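Note sheet for the following structure.
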Amino acid sequence: MPLYLYNTLTRQKELFTPYKPPYVGLYVCGPTVYGDPHLGHARAAITFDVLFRYLTYLGYKVRYVRNITDVGHLEGDADEGEDKILKKARLEKVEPIEIAHRYTALYHKAMDALNVLRPSIEPAATAHIPQQIAMIERILARGYAYVVNGSVYLDIERYRQDFPYGILSGRSVEELLAGTRELEGQGEKKNPWDFALWKRAEPTHLMQWDSPWGRGFPGWHIECSAMSIHYLGLPFDIHGGGLDLVFPHHEAEIAQAHACFGPEAQHQARFWIHNNLVTIEGQKMSKSLGNFITVEEIFTGTHPKLTRAYPPMALRLLILQAHYRSTLDFSEEALLGAYRAYLRLMSAYQRLKEVSPGSHSDFSVQAWREKVFAALDDDLNTAAALALFFSQIEDILRLRRRELFLLPEDLTLLQNTWQEVLEKILGLTFPPQVSWVNWQKVVELLIQLRRQARLEKNYGLADLLREELSGAGVRLMDFPDETLWELSA
RNA sequence: GGCGACGUGGCCGAGCGGUUAGGCACGGGUCUGCAAAACCCUCUACGGGAGUUCGAAUCUCCCCGUCGCCUCCA
């Protein structure tokens, strides 16, 4: 079945085919590691996790590269602000790399909980300085950049003579000019829309490297060009990221690739795919608005907008119930709804495993299955695919009650489809991790029951409870006035 | 100001000319020791206006409103 994906570059859905089958090169802009992972990170990661999983399911040999940006990402107006990681390090009086490592670890922890698969390669910008410098040198040699006071800028005016600038975001340089604010401190640049490939570092700057232009550090956009091309070649198949990266980040990447490699670069990637943003009460979630929610806050229920904790799969389902190119408006009500929907889905999945086959089939599993894959093939419409599962739940319950029947091969196909699509492709896990608190409550309750049984000298029941608990990995120890328990293998 | 999205029932959210999308919530009922689950029923929308069409949430135009990008952000 052919997979169609929406390509930001062409603004339409296109049939996806790899450049060099069966290999697929997928590059996604990962986090700049200077803060806690939030709902936006979760949405991007889950979106491309599903794409990665689906491409793999379809039989492609996917190399999935997702970077860690740990240098060069400046705050505030272009080329004037302070490096985000550096600022955090300065505030906390630690090494920048400590900041990077800490937030990388937190990112991994959050994404692991959401069952987001690790990419094949996760390169850090600071580990690829030579590749970035090499690219900049080549861009300079080809005449598309200039050096000023130890900094290097891409010369958009020169670039435009040979390549169109703004094709991804649909902007023209004239429009950019009209929209450019009067900014101070851009004196180094020939034109305000030029962007930095390399920045000179003051001696006190904490992160700096030797370069042909003196001590400095790379610009924000060059690391993604360098690392994606280094690991995936040129052009590679898919470049992804959040919608907010379209301009200037991805536009700059395309320019860098062309400036460095010429027309061969072919826009660096053949498909540019962008997930839409998460909004809170209709507004973009962002630090400056103070309305962002971290993934951890969802799991612990500690955000002021939340009244309780939610398991990771509730969030994963919420995200998958919207199409990735639509904005997703977050609210606790919506999250709670997704959590309940998840529990219902899980329950139905369990029931499905208990169904026994019949001597005829009352409905076509194949037709249903084709609809599911048609939805996935239609630009990864996970919402539509999930709806097909939900609307089948009634039939599953009837199958189990033996009011409906399926031949053995149809039943197997149905069960396999649930497993393949929900678990393998959509990455939902069943069952959810029961919280330790709830687990404790259940064990305590059983112990209480057993205590009652012992008081009534119902030792048969008491022993049964102890044996069953033991089988479930809970070891009981009776003392005169209390019963202690611990986990056992 | 430029570019681009979007406005669907209480909430979230599919939909791309002709079926009830789906989830959650709400109300009534069956069942049940109580409850839950399950099942049945109720509600059943498409910002406003005009147009195209046998037929429009879906196409065209106008208006209103919301949001994103244009400066860092997934």
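So you know, we letter chains A, B, ... as the sequences are listed, proteins then strands, and number each from 1. If you're wondering where the values come from, they're calculated on a predicted model, not measured in any experiment.
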May I ask you to establish whether [X] and [Y] are in a cation-pi arrangement, using a distance under 6.0 Å from NZ or CZ to the six-membered ring centre and at most 45° from the ring axis?
| X | Y | answer |
| --- | --- | --- |
| A/Arg43 | A/Tyr324 | no |
| A/Arg325 | A/Tyr6 | yes |
| A/Arg308 | A/Tyr310 | yes |
| A/Lys353 | A/Tyr349 | yes |
| A/Lys190 | A/Tyr146 | yes |

Please determine whether a side-chain nitrogen or oxygen atom of [X] lies at a distance below 4.0 Å from atom OP1 or OP2 of [N].
| X | N | answer |
| --- | --- | --- |
| A/Gln321 | B/G13 | no |
| A/Lys284 | B/C69 | yes |
| A/Arg171 | B/C69 | no |
| A/Ser326 | B/A14 | yes |
| A/Asn276 | B/A5 | no |
| A/Arg344 | B/C24 | yes |
| A/Arg340 | B/A25 | yes |

Revision key, fill the gap. Across every strand shown, the nucleotide meeting Watson-Crick or G-U wobble geometry with B/U42 (both distances under 3.5 Å) is none
If you only use heavy atoms from C-beta on, which nucleotide in [options] is closest to the side chain of [X]?
| X | options | result |
| --- | --- | --- |
| A/His41 | B/G22, B/A74, B/G15 | B/A74 |
| A/Arg401 | B/A38, B/A74, B/A14 | B/A38 |
| A/Ala44 | B/A38, B/A74, B/G22 | B/A74 |
| A/Pro248 | B/C72, B/G13, B/G23 | B/C72 |
| A/Asp329 | B/G13, B/A14, B/C69 | B/G13 |

Practice item. Answer yes when A/Glu202 and A/Arg200 have at least one side-chain N-carboxylate O distance shorter than 4.0 Å, and no when they do not. Key: yes
Point to revise | Ion pair A/Lys13/A/Asp379, N-O distance below 4.0 Å | key: no
**Study point:** Those residues of residues 239-246 of chain A lying under 4.0 Å from RNA chain B by at least one heavy atom
**Key:** A/Gly241, A/Gly242, A/Asp244, A/Leu245
